[in-house]
Protein chains: 2
Amino acid sequence: MIVSRARPLVVGDAFGHAACAECDARTVSVCDALDTADLSRLAAVAAQRSLEKGRVFIEEGEKAADFFNITAGTVKLFKLLPDGRQQITGFAGPGYFLGLAVGETYAFSAEAIEPVRLCRFSRPRLYALMHDLPALEARLLQTACNELVTAQEQMLLLGRKTARERVASFLLLRAAAAAPCSHRQTEIRLPMTRAEIADYLGLTIETISRVLSRFRADKRIDLPTPDRVILTDRPWLEDLAAGNLEHV
Amino acid sequence: MIVSRARPLVVGDAFGHAACAECDARTVSVCDALDTADLSRLAAVAAQRSLEKGRVFIEEGEKAADFFNITAGTVKLFKLLPDGRQQITGFAGPGYFLGLAVGETYAFSAEAIEPVRLCRFSRPRLYALMHDLPALEARLLQTACNELVTAQEQMLLLGRKTARERVASFLLLRAAAAAPCSHRQTEIRLPMTRAEIADYLGLTIETISRVLSRFRADKRIDLPTPDRVILTDRPWLEDLAAGNLEHV
DNA sequence: GGCCTGTTTTGATGCCGATCAATCAAGCCG
DNA sequence: CGGCTTGATTGATCGGCATCAAAACAGGCC
């Protein structure tokens, strides 16, 4: 449930740019790399869309025709095996740039797990713009490197961490993702279901639930509702996530 | 054991460029994106090095001062947990561009698992060059996207595939990596130990060995020596790796 | 050859997390 | 209110891979 915040009415100097001026994701997205004039050019090739929860808007193997920039809500990025096994490779919130694909087709699928708003860019148009705006290309490279680092961290988690370490890492990751909004908060919101957490961490629903219950019993976290978590012992969680404990 | 091939003596038109002309990795690396004139500029900021087996030349957390381009041999990229658990995030052979790091520090370590030759670029110099040569920057973005796709595939493997599926995927990946050299070969060489395969696939040495033995008993592969594998039933391996079997 | 060292293979056992299954809590709607 | 649905929690049991242990093998060296 995204709070639909009241937005100030802004009269833009260019079509589309008005939307950028009031965009919540403006300062944390690739758009931040551009000055006002160039942002207008970017906005000119963008189209805004709203997606209801559950909507799949990228399908693995489809022709990669568009890039996306999330401005509100959360999406999951995932890959499937023929028998239905699912691996979620990441959750993308406001500011996330999406669609960096090699070759002609998407390598993953994407689904809105909440109501989502996003900007859509046609691939050839964005490429053309990249050619003109080195700052944009540099920013995308930077974004890709960030993702790469995140992906490597996730491989360590999936390949070598225990269930408890994975869940601790996940909670801290969520806290970090929410941090830019209001610093040092101990309470986090989980917009995804247990099944989605499980598919992200390479575990099962039951294991997620059990580990969270155990954390609560040990007074490391609190769970007022299933989708709200309060980190009551963050140092301990950090040690666990880093692999410093695991004899406890 | 890399075969040290005899190289033709070439007189380059610029210092360093001579080395490029005789470089085995030239056509499959980022260097391929540049024309002769620009390649000279790239070569001018490069330094060649040889590394013995076992040499760690990038350490996670260290200041990211250099980029590297492998020209011969194989290196492993990995992350460690404090208690020694290791996750290998990838193996890099000739042509691989290395060091794409966000921020100031490397996010992973790198070690030569064979005798290695590589080109080293100082980070600020390469950045400066990127500014001048859009083709280079575009190529690096492309490289980063490729890595991202590979990383996502690996997350699926680590999070959701069984031990047998992982090993099958690994063998096919090795075959594909060797393919550019001589197409459709059924024999592959494994320059890494069982321990390294295990740390790459999120398994143990024993499991790797057992699965390979089982594959051989089932006449899916042959193992003339521990580091040479012949894929005798590639279609079956492909089905298994894709997750289409696993009732067998 | 014979010894040494490190890797791979094979075997016996155990445990963590998966699976199967039941209960619980929270909407939603008639 | 009660029946229905969906997601979360808790319990009982199982199995795949890890762990522990030992044997087989290979290469290097004298």
Side-chain angles (χ1 to χ4, degrees), chain A residues 1 53-54 76 81 83-87 113-114 157-170 189-218 221-229 240 243 245-248, chain B residues 1 53-54 81 83-87 113-114 157-168 170 189-218 221-229 240 243 245-248:
Chain A
M1 297 122 229
K53 172 175 171 172
K76 68 173 183 186
L81 289 172
D83 61 2
R85 279 175 286 173
Q86 177 174 139
Q87 179 63 39
I113 62 171
E114 298 179 298
L157 181 149
L158 292 170
R160 288 301 180 216
K161 287 188 183 176
T162 65
R164 315 179 69 226
E165 289 168 341
R166 294 183 200 201
V167 174
S169 301
F170 173 72
R189 191 181 62 92
L190 302 179
M192 64 290 288
T193 66
R194 296 291 186 266
E196 284 160 344
I197 298 174
D199 283 339
Y200 179 59
L201 298 179
L203 299 168
T204 58
I205 313 179
E206 296 93 328
T207 298
I208 302 299
S209 189
R210 270 185 253 272
V211 171
L212 287 176
S213 296
R214 173 75 190 284
F215 282 177
R216 179 172 51 181
D218 293 349
I221 64 170
D222 204 359
L223 283 168
T225 69
D227 69 340
R228 298 197 315 140
V229 186
L240 180 58
L245 310 172
E246 204 56 26
H247 32 83
V248 187
Chain B
M1 297 117 225
K53 172 175 170 172
L81 288 172
D83 61 2
R85 278 175 287 174
Q86 175 174 140
Q87 179 63 41
I113 63 172
E114 298 178 297
L157 181 149
L158 292 170
R160 288 301 181 216
K161 287 188 184 176
T162 65
R164 314 179 69 226
E165 290 169 341
R166 294 183 201 200
V167 175
F170 173 73
R189 193 182 60 92
L190 302 179
M192 64 290 288
T193 66
R194 297 290 187 265
E196 284 159 345
I197 298 175
D199 283 340
Y200 179 60
L201 299 179
L203 299 168
T204 58
I205 314 179
E206 295 93 329
T207 299
I208 302 298
S209 187
R210 270 185 252 274
V211 170
L212 287 176
S213 296
R214 174 72 191 285
F215 282 177
R216 179 172 50 181
D218 292 350
I221 64 170
D222 204 359
L223 284 168
T225 69
D227 70 340
R228 297 197 316 139
V229 187
L240 180 58
L245 308 173
E246 205 54 30
H247 32 83
V248 188

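Letters A, B, ... are given to chains in the order of the sequence lines, protein chains preceding strands, and every chain is numbered from 1.
- Under 3.5 Å, the side chain of R210(B) and the base of dG11(C) form at least one donor-acceptor pair of N or O atoms.
- A straight line from CD1 of I205(A) to C1' of dC20(C) spans 13 Å, rounded to a whole angstrom.
- With dT10(D), dA12(C), dT8(C) as the choices, the nucleotide that has an atom nearest any side-chain atom of T193(B) turns out to be dT8(C).
- Following rounding to the nearest Å, R214(A) (CZ) and dC16(C) (P) show an atom-to-atom distance of 11 Å.
- You'll find that the side chain of S209(A) is closest to dA8(D), out of dT9(C), dC17(D), dA8(D).
- As rounded to whole Å, 8 Å separates atom P of dG17(C) from atom CZ of R166(A).
- V211(B) approaches R164(B) most closely through the heavy-atom pair CG1-CA, 4.1 Å.
- Minimum heavy-atom separation, K161(A) to S169(A): NZ-OG, 3.0 Å.
- In this structure, L190(B) atom CG and dT9(C) atom P are separated by 10 Å, rounded to whole Å.
- We find that CG of L223(B) is positioned 7 Å from P of dT9(C), with the value rounded to whole Å.
- Between the CG atom of L212(B) and the P atom of dT9(C) there is a distance of 7 Å, rounded to whole Å.
- Residue F170(A) is tested with L190(A), I208(A), V229(A) for a side chain to side chain contact (heavy atoms under 4.5 Å, CB included); the sole match is L190(A).
- In plain terms, the two heavy atoms of P191(A) and R189(A) that are nearest each other are CD-O, 3.3 Å.
- Each of dG17(C), dC17(D), dG11(C) was ranked by its minimum atom distance to the side chain of T162(B); first place goes to dC17(D).
- You'll find that the side chain of T207(A) is closest to dG17(C), out of dG17(C), dT8(C), dA8(D).
- Listed pair T204(B) / dC17(D) fails the phosphate criterion, with no side-chain N or O lying under 4.0 Å from OP1 or OP2.
- What separates CZ of R164(B) from P of dG15(D) is a distance of 17 Å, to the nearest Å.
- If you take CD1 of I113(A) and P of dG7(D), they are 13 Å apart, rounded to a whole angstrom.
- A sub-4.0 Å separation between OP1 or OP2 of dT10(D) and a side-chain N or O of S213(A) is present.
- Within the nucleic acid shown, L203(A) comes within 4.0 Å of sugar-phosphate atoms alone, with no base atom in reach, counting heavy atoms only.
- When all heavy atoms of G202(A) and R160(B) are compared, the closest pair comes out as C-NH1, 3.5 Å.
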